[in-house]
Amino acid sequence: SEMNEGPYTLCYLDLDQFKLINDTSGHIAGDQLLKEVAGILQACVRKTDTLARLGGDEFGLLLSGYDLDQAIQLADTVLKHLNESSFHWDDKQFRITASIGIVSVSGNEGTMEEILSAADTACYIAKESGRNRAHVHTIDDSEVAYRRNEMLWVERIYKALDEDRFALHFQPIHPINGHGSGERFFEALLRLNNDQGPPTCPATFIPAAERFGAMPRLDRWVLGKAAATLRVHGNENPPVCLSVNLSGHSLGDEGFLAFAYDLMRDTQIADRLCFEITETAAIANLAQARSFIHEMKQLGCRFALDDFGSGLSSFQYLKNLHVDYLKIEGSFVSSLLNDPIDLAMVRSINEVGHAIGLQTIAEYVESAEILQTLRELGVDYAQGFHIGHPVENLTLVLTHST
């Protein structure tokens, strides 16, 4: 339905300290905070504006008749009122701050979902810029085209799942310092087979799958296919072990976690399967990651923290996550011969990993010289084109390596 007056501006507000208050003072305190914030917001807006709670600690303001400058002034007023209204609970005092994303809505920005997504992105930028601030996001034609392309990709993903056009390719992970456990270890990599040309790599379609909620279904397919592969190769000697990637979206999906637990419990392959979770996904979903790791390790599964070094590299999280392997971010590995800082990063990640009791895996090992340096550093495993390219026919690889 059309509104009476324009222009319109959407403000997406996310509280900065909600998780801290929930974790330290409990959900009742968190609920009370939300009520107080809602009251502050209502006092700042007019009756002609629309205020809604969009999620756990996220609010939306749809302003009518405000131009962008007026919307920015209102956002600053909201932030000022929040800052002046500290939250008290059980003798504790919390400062209330928020990050706000602002998007001007003129009718050319695409669907409501795309506008909300743009406001969410602006809010994320406000958080990344230091919190307790607002950020204006302007949707241009290239971004609208990008969003629509992502939506097309999601349709292609579901169609490919229905037509069974996804495949796993397997890349070897070799022990390089005599610390191997007598296994043949491979990472299972997702590929999308096309009618013509080479398979499509996941970097092309995973962002769309993450944005539109398709990752749990994709991860379920990958895990089911990996389990079937392990059953086929169940009698190999030495045994075959597979590592599969798990997205942060699936970590927060109860249906996926139940599927994974039941599959591992019922198929007797858990001790030959390793889940890879990126450092950033694990930290963003810390409670779910710890719970999932605990449950699955009881069944015998292993865990690797992937791309370590690409994010904050917070070593303190390693002590609480109880993973088995640390995968060193490949960009450091590929340039360690030329860049002393990257060499120092690989050395320090390897040393801290070993101090905590983890084994280390270096990715992007592309030459004999890099491999030799990793040996000298004491890294445990290597993976990359120098070790072996990903291949679809695992049986052929196993036959040739015996």
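Keep in mind the model is a prediction, meaning the values are calculated, not measured.
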With a 3.5 Å cut-off and no angle check, do the side chains of [X] and [Y] form a donor-acceptor pair?
X: Ser243; Y: Glu187; answer: no
X: Asn83; Y: Thr97; answer: no
X: Asp219; Y: Ser247; answer: yes
X: Asp307; Y: Thr278; answer: no
X: Glu351; Y: His354; answer: no

Once rounded to the nearest 0.5 Å, what's the spacing between atom [atom1] of [X] and atom [atom2] of [Y]?
X: Gln32; Y: Phe87; atom1: CD; atom2: CZ; answer: 6.0 Å
X: Ile277; Y: Gln288; atom1: CD1; atom2: CD; answer: 10.5 Å
X: Phe185; Y: Gln383; atom1: CZ; atom2: CD; answer: 8.5 Å
X: Asp271; Y: Leu299; atom1: CG; atom2: CG; answer: 10.5 Å
X: Phe292; Y: Glu254; atom1: CZ; atom2: CD; answer: 13.0 Å
X: Leu82; Y: Leu41; atom1: CG; atom2: CG; answer: 6.0 Å

Heavy-atom donor-acceptor pair, [X] side chain to [Y] backbone, under 3.5 Å:
X: Arg302; Y: Leu273; answer: no
X: Asn350; Y: Val346; answer: no
X: Gln171; Y: Gly388; answer: yes
X: Arg165; Y: Asn193; answer: yes
X: Ser250; Y: Leu246; answer: no
X: Thr77; Y: Gln73; answer: yes
X: Thr360; Y: Asp380; answer: yes
X: Ser348; Y: Ala344; answer: yes

Ion pair present between [X] and [Y], side-chain N to carboxylate O less than 4.0 angstrom?
X: Arg95; Y: Asp16; value: no
X: Arg53; Y: Glu58; value: no
X: Glu369; Y: Arg375; value: no
X: Lys159; Y: Glu163; value: yes

Mind running side-chain contact (heavy atoms from CB on, under 4.5 Å) on Glu363 and Ser331 for me, showing each step along the way?
-> CA-CA 8 Å; Glu363 302 179 288; Ser331 61; over 6 Å; no

With the side chain counted from C-beta on, respond yes when [X] and [Y] share a heavy-atom pair under 4.5 Å apart, and no when they do not.
X: Thr267; Y: Arg231; result: yes
X: Tyr261; Y: Phe256; result: no
X: Leu394; Y: His233; result: yes
X: Asn177; Y: Gln359; result: no

Nearest heavy atoms of [X] and [Y], plus distance in Å:
X: Val323; Y: Leu358; value: O-CD2, 2.9 Å
X: Ile100; Y: Ala126; value: O-CB, 3.8 Å
X: Met264; Y: Ala270; value: SD-CA, 3.9 Å
X: Glu392; Y: Ala167; value: OE2-CB, 3.4 Å
X: Val244; Y: Ala188; value: CG1-CB, 4.0 Å
X: Leu336; Y: Asp342; value: CA-CB, 4.3 Å

Output field: ring centroids Phe166/Phe205 closer than 6.0 Å | yes

Pair Asp14-Ser99, side chain to side chain donor-acceptor pair (under 3.5 Å): steps then yes or no = CA-CA 5 Å; Asp14 189 342; Ser99 301; over 6 Å; no

Counting only heavy atoms not in [X], do more than 12 sit closer than 6.0 Å to its [atom1] atom?
X: Arg290; atom1: CZ; answer: no
X: Asp266; atom1: CG; answer: yes
X: Lys297; atom1: NZ; answer: yes

Determine the interplanar angle of the Phe275 and Phe303 rings, folded into 0 to 90°, and report it as parallel if under 30°, tilted if 30 to 60°, perpendicular if over 60°.
-> parallel

Relative to each other, are the rings of Phe170 and Phe186 parallel, tilted or perpendicular (30° and 60° limits)?
-> perpendicular

Sole residue of Leu371, Ile173, Thr373, Ile176 in side-chain contact (heavy atoms from CB on, under 4.5 Å) with Val365 = Leu371

